[in-house]
Amino acid sequence: MSLTIAVPREIYAGEKRVATVPEVVEKLLKLGFAVRVESGAGAAANFSDESYQAAGARISGNAAELMDGADIVFKVRGPTADEIALMKPGTTLVSFIWPAQNPELMQRLAARKLTVLAIDSLPRQLSRAQKMDALTSMASISGYRAVIEAANAFGRFFNGQVTAAGKIPPAKVFVAGAGVAGLAAIGTAANLGAIVRANDTRAEVADQVVSLGGEFVKVDYEEEGSGGGGYAKVMSEGFQQAQRAMYASQAREADIIITTALIPGKPAPRLITAEMVQSMKPGSVIVDMAGEQGGNCELTVPGEAVVRHGVTIIGYTDLVSRLAKQSSTLYSTNLLRVTEELCKTKDGVINVNMDDDAIRGLTVVKDGTITWPPPPPKLPAAPPQAKPAAAAMPAKKSGHGHGAGEPASAKSLAILFGVGALLFWLVGAFAPASFLSHFTVFVLACFVGYMVVWNVTPALHTPLMSVTNAISSIIAIGALVQVAPPLGAETVGRPGALILGLAVAALTLTAINMFGGFAVTRRMLAMFRK
């Protein structure tokens, strides 16, 4: 018997997302599930009840009616006590839970004999877990939205301009924390034309910052900051002092600061002090994306935008909900991927397999028993290191005193060219005229093919294009010989009209292929240039 998935309306203040969208409802039905949606659940994200019904879902008038008979519940925010009371024992809940920060919620869920999959507890270090990683999906949206909020509060353009009325310098943006949200903010700000700088305790993200158009600002203190799972760890006091000095310097220069630093299970680290805020230029903006966990800025008011010392400090905790339709679509797709892992048989029945590392990491309560924290996932063993190659034997010198790999002498080159010239003379003196004509075409084709393939900027080539250009050059030379025979070919006889027509057609098509290939490649490369 297939199970029923229930999607309630989110009641958390300011939450506009919905756990499933009509497009995903159709895919859940194909997995064998029945889907029920509370009336108005998707209204804030611009998904009407009619769109859910058209996708095959049933609409329930209220939460009590929805939960009656529900086997699986999809939610965005963790459930309240009243919502938990509506769930029957044995129900499977998939939602954001944050078990480390919500021990009382965990106890209530366990007391109700539920099975709970916390989407925020997914072991992100597993490569196959990426398709289920809702944290990454939501963080990328919040990073983008943070830049949009900053641009709205900022008093001028992001990109520099020179107009008749005067010169406008580009905005200077500093991003503290280059995780998923930070990288999304860096890319967005750089695309808007700002000068972007960023810092992170994890040195390995420096290349990612540069690739998105930013400049990585390093703290003058050597310490690795990776904490696993895509998060940073708590740094030493010495590092923190050096980091504060760097932040103070950036605060004096930056027009906009975006902070994203979070540490799992702990309050957000304080990076921007009141003194730093006071040192910023009037009209500057701080977007504190860690507002919900207390904020990275000392003067942040969670959920509000305030002005302190002439600086606008935005501490909104609903950045993701401000792009509700997009975030709902991505989140519901993540839940669909989780469901596919739970229902590999596609018969509408789930199997919470605790031997599966990804599912085990997600499962924080199993049939009323708290199973969080999970054991470390079994990562694949590192491949054995190859034995160091034996030291190369010194090259044996020849009688002429030249070791292997040394450039040939002038005498050797002269002998080589002499032998080559002799071979060409023998071919010209004794070979038939027809062979000589074909041999000439072959040599010219090889030369033109070499020039077409190897004497062109390597960035314009792909392996397939290199091969087709080489073949095309041979076809072009052959067609040219037929259209305009070389001197002396009149004795053999001019080609007929059919052969001449085929040669012209081959030459035309070859030219289109060669020049069109370069044009298409240039357009493709232009897509990756700013």
Side-chain angles (χ1 to χ4, degrees), residues 5 7 10 12 14-28 41-42 44-47 72-78 93-99 101 116-149 175 177-189 191 205 208 212 228-232 258 260-262 264 287 289-293 316-342 358-359 361-362 364:
I5 297 174
V7 182
E10 298 294 327
Y12 186 88
E15 183 58 71
K16 299 178 181 178
R17 289 173 290 176
V18 61
T20 295
V21 301
E23 178 184 351
V24 172
V25 168
E26 298 176 356
K27 298 175 182 178
L28 292 173
N46 294 318
F47 296 110
I72 304 168
V73 177
F74 283 178
K75 275 186 57 60
V76 178
R77 296 275 184 170
L93 170 66
V94 186
S95 175
F96 280 105
I97 299 295
W98 305 106
Q101 290 94 331
V116 182
L117 276 66
I119 198 68
D120 48 86
S121 297
L122 180 75
R124 303 167 77 185
Q125 58 268 46
L126 299 177
S127 57
R128 70 183 185 90
Q130 294 178 4
K131 62 184 179 181
M132 302 178 275
D133 190 359
L135 284 175
T136 295
S137 300
M138 300 301 101
S140 62
I141 293 175
S142 61
Y144 171 86
R145 184 68 191 197
V147 176
I148 301 304
E149 294 293 341
V175 180
V180 177
L183 291 173
I186 292 166
T188 305
N191 288 336
V205 304
Q208 300 176 48
L212 290 170
Y231 291 97
I258 298 174
T260 70
L262 287 173
V287 181
M289 296 179 61
E292 195 165 357
Q293 281 75 42
Y316 296 150
T317 58
D318 61 345
L319 290 173
V320 179
S321 280
R322 290 170 182 255
L323 289 171
K325 187 164 189 175
Q326 182 70 77
S327 55
S328 296
T329 301
L330 293 183
Y331 180 67
S332 61
T333 301
N334 294 138
L335 296 193
L336 171 66
R337 302 309 174 201
V338 172
T339 308
E340 289 174 342
E341 292 294 318
L342 295 171
I359 301 303
L362 284 169
V364 296

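Start at 1 with the first residue, then count along the sequence.
Across every non-hydrogen atom of V364 and S121, the tightest pair is CG1-OG, 3.8 Å. Minimum interatomic distance between T136 and V180 (heavy atoms only, all atoms of both residues): O-CG1, 3.5 Å. The two residues A290 and L262 come nearest to each other via the heavy atoms CB-CD2, 3.7 Å. Shortest non-hydrogen contact noted between R128 and A358 is NH2-CB, 3.6 Å. Between G291 and T317, the shortest heavy-atom contact is C-CG2, 4.0 Å. Of all heavy-atom pairs between L135 and D120, the closest is CD1-O, 3.5 Å.
Residues meeting the salt bridge (charged side-chain N to carboxylate O under 4.0 Å, His left out) test with E292, sequence neighbours left out: R77. Take E23 and apply the side-chain contact (heavy atoms from CB on, under 4.5 Å) test, not counting sequence neighbours, and it matches V21, K27. Considering only residues two or more places apart in sequence or on other chains, A44 meets the side-chain contact (heavy atoms from CB on, under 4.5 Å) condition with K16. Here E340 pairs with R337 under the side-chain hydrogen bond (donor to acceptor under 3.5 Å, both in side chains) rule; sequence neighbours left out.
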Report task. Assess whether side-chain contact (heavy atoms from CB on, under 4.5 Å) is satisfied between V94 and T339, documenting all intermediate values. Result -> CA-CA 10 Å; V94 186; T339 308; over 6 Å; no
Requested in this report: Could you give me the CA-CA distance, side-chain angles and deciding distance for F74 and L28, then say whether side-chain contact (heavy atoms from CB on, under 4.5 Å) is met?
Outcome: CA-CA 12 Å; F74 283 178; L28 292 173; 4.2 Å; yes
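Inter-residue side-chain proximity for R145 and Y316 is flagged as unmet; no heavy-atom pair is nearer than 4.5 Å. Considering only heavy atoms from C-beta on, L335 stays 4.5 Å or farther from V24 through its side chain. Using a 4.5 Å heavy-atom threshold, the side chains of L212 and L183 count as touching.
Rounded to the nearest 0.5 angstrom, I258 CD1 and I186 CD1 are separated by 9.0 Å.
Sorted by first and then second residue, the pairs that involve residues 320-335 and meet side-chain hydrogen bond (donor to acceptor under 3.5 Å, both in side chains), not counting sequence neighbours, are E15-S321, S137-N334, E149-R322, D318-R322. Screening residues 131-140 for salt bridge (Lys or Arg N to Asp or Glu O under 4.0 Å), with sequence neighbours left out, gives R124-D133, K131-E341.
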